[in-house]
Amino acid sequence: MTTPRIDFDLKPSSQPLPAAEREAVLADPGFGRHFTDHMITIKWTEGRGWHDAQLQPYATLQLDPANMTLHYAQSIFEGLKAYRQPDGSVSAFRPEENARRFQRSGRRLAMPALPEETFIEACELLVRQDKEWVPGTGEESLYLRPFMFATEVGLGVRPANEYLFMLIASPAGSYFPGGVQPVSVWLSEEYVRAAPGGTGEAKCAGNYAASLVAQAQAAEQGCDQVVWLDAIERRFIEEMGGMNLYFVRGSGADAKIVTPSLTGTLLPGITRDSLLTLAADLGYETEETRLTVDDWRDGNEDGTITEVFACGTAAVITPVGQAKSTSGAWKVGDGQPGEITMQLREALLAVQTGHAEDRHGWMRTLA
Ligand SMILES: *Cc1c(COP(=O)(O)O)cnc(C)c1O
């Protein structure tokens, strides 16, 4: 059975933010602080499926205190960026991959699947309506935040029979306005992000709630970010905060780009996946494998691991300059952003901003 196409009701705002105020926001948008004039909402009800799709003015929600999400956390989200292209159009980076991951996250949390074409259409409608909110230059973008949560009212523990899908958008400045800065990381042996059979592969709100205390501990250790280890042996490297990790072995044209394999407890990042392809395009050997804390420290000490970086939609690529664990601290390379790290960062951004050929059909015009 094919799903019938969902028709959107378009209700544009009669009071969008005046242009001068919008321009003031766009001059220094930061991240996730300002939102555009509109949002998308689509309801889902058991027996009826998806219905009542709307583009409407951005507004607050009213929630019943017994809203099931507040108690049992059926809540998932995505994050993707729309970049202004040299010809003035606006394109998103691999939005189909976000749509598919959103479906997989939903399945894990016993939530309904939003059709891929509806997810994309929601992005198109919102970006078209709020196109003037897309910043104009360089690494700046319009960050799109699709999410879905249970709206049924009640305290019985079971999958809800009502959900709301929403899409909001927020202008995002360059992640490193003063130039790319390496981060320091704390390898957490006390807390884990995900365990086999858990929700590590799903982009769900609860994973983030569970990570915050470890992030606070990293800060107490004087580090910027937490690195997650596997739940069982606390030995294998998994991820950094909300980003995937990469290790560079060797240097120059013979360098090998290595990333932890998707064991079921890692979030399968779209940036991570794209870099495997992009690194190969640039002539580097790539490998997905399991890597231990000892491999990392020994590799930095004997110089076989030359660079480490993290990757994700928000920051694209972030170099790692220092690592620290219960057994001591060590420097990654010379502590500065590595050459290959920066080469990959520029190559990926060039595709996203329309300054390099899109060899793999990754960019999708939204408006
Ligand atoms: C979203 C996310 C990532 C990065 O995924 P991208 O698709 O590259 O943005 C990595 N790790 C975690 C835990 C995440 O939530």
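Whatever order the structure lists ligands and atoms in, that order sets their numbers, starting from 1. This structure is a prediction, so every number in the text was calculated from the model and none was measured.
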Exercise. Do R145 and E78 sit within salt-bridge range, that is, some charged N less than 4.0 Å from a carboxylate O?
Worked result: no
For this session: Identify which of G242, A194, A314 has a heavy atom lying nearest to atom 4 (C) of ligand 1.
Result: G242
Exercise. What residue and atom, counting heavy atoms only, is the protein's closest point to atom 15 (O) of ligand 1, and at what distance?
Worked result: Y208 OH, 2.4 Å
Problem set entry | Contact atoms of ligand 1, heavy-atom distance to R193 under 4.0 Å | 13 (C)
Exercise. Nearest to atom 11 (N) of ligand 1, what protein heavy atom do you find, and at what distance?
Worked result: E239 OE1, 2.5 Å
For this session: Without swapping roles, check the side chain of N98 against the backbone of L80 for a donor-acceptor pair under 3.5 Å.
Result: no
For this session: Could you tell me whether F165 and W44 have their ring centroids closer than 6.0 angstrom?
Result: no
Exercise. Would you call R100 and E116 a salt bridge, taking side-chain N to carboxylate O under 4.0 Å as the test?
Worked result: yes
Exercise. Just which atoms of ligand 1 are under 4.0 Å from any heavy atom in M243?
Worked result: 10 (C), 11 (N)
Problem set entry | Lys/Arg N to Asp/Glu carboxylate O, R290 vs E233, below 4.0 Å | no
Exercise. Should N244 be counted as touching ligand 1, given the test is an N or O pair under 3.5 Å?
Worked result: no
Problem set entry | Centroid separation F31 to Y143 less than 6.0 Å | yes
For this session: Report yes if the distance between the aromatic ring centroids of F77 and Y208 is under 6.0 Å, otherwise no.
Result: yes
Problem set entry | Salt bridge present between R193 and E239 (N-O < 4.0 angstrom) | yes
Exercise. In terms of side-chain geometry, is the basic nitrogen of D273 or R94 positioned less than 4.0 Å from the acidic oxygen of its partner?
Worked result: yes
Exercise. How far is atom 14 (C) of ligand 1 from its nearest protein heavy atom, and which residue and atom is that?
Worked result: K203 NZ, 3.0 Å
Exercise. Should I270 be counted as touching ligand 1, given the test is an N or O pair under 3.5 Å?
Worked result: yes
For this session: Give the C-alpha distance, both sets of side-chain angles, the deciding distance and a yes or no for side chain to side chain contact (heavy atoms under 4.5 Å, CB included) between R84 and S91.
Result: CA-CA 7 Å; R84 176 87 53 189; S91 297; over 6 Å; no
Seminar exercise, completed: the protein heavy atom lying closest to atom 8 (O) of ligand 1 turns out to be T271 OG1, 2.6 Å
Exercise. Purely on distance, is any nitrogen or oxygen of R272 under 3.5 Å from one on ligand 1?
Worked result: no
Seminar exercise, completed: Here the atoms of ligand 1 under 4.0 Å from any heavy atom belonging to R101 are 5 (O), 6 (P), 7 (O)
Exercise. Does E78 come within less than 4.0 Å of ligand 1, judged by its heavy atoms?
Worked result: no
Exercise. What protein heavy atom sits nearest atom 9 (O) of ligand 1, and how far off is it?
Worked result: T313 OG1, 2.6 Å
Exercise. With a cut-off of 4.0 Å, which atoms of ligand 1 are near a heavy atom of G269?
Worked result: 5 (O), 6 (P), 7 (O), 8 (O)
Problem set entry | E97 near ligand 1 by a heavy-atom separation under 4.0 Å | no
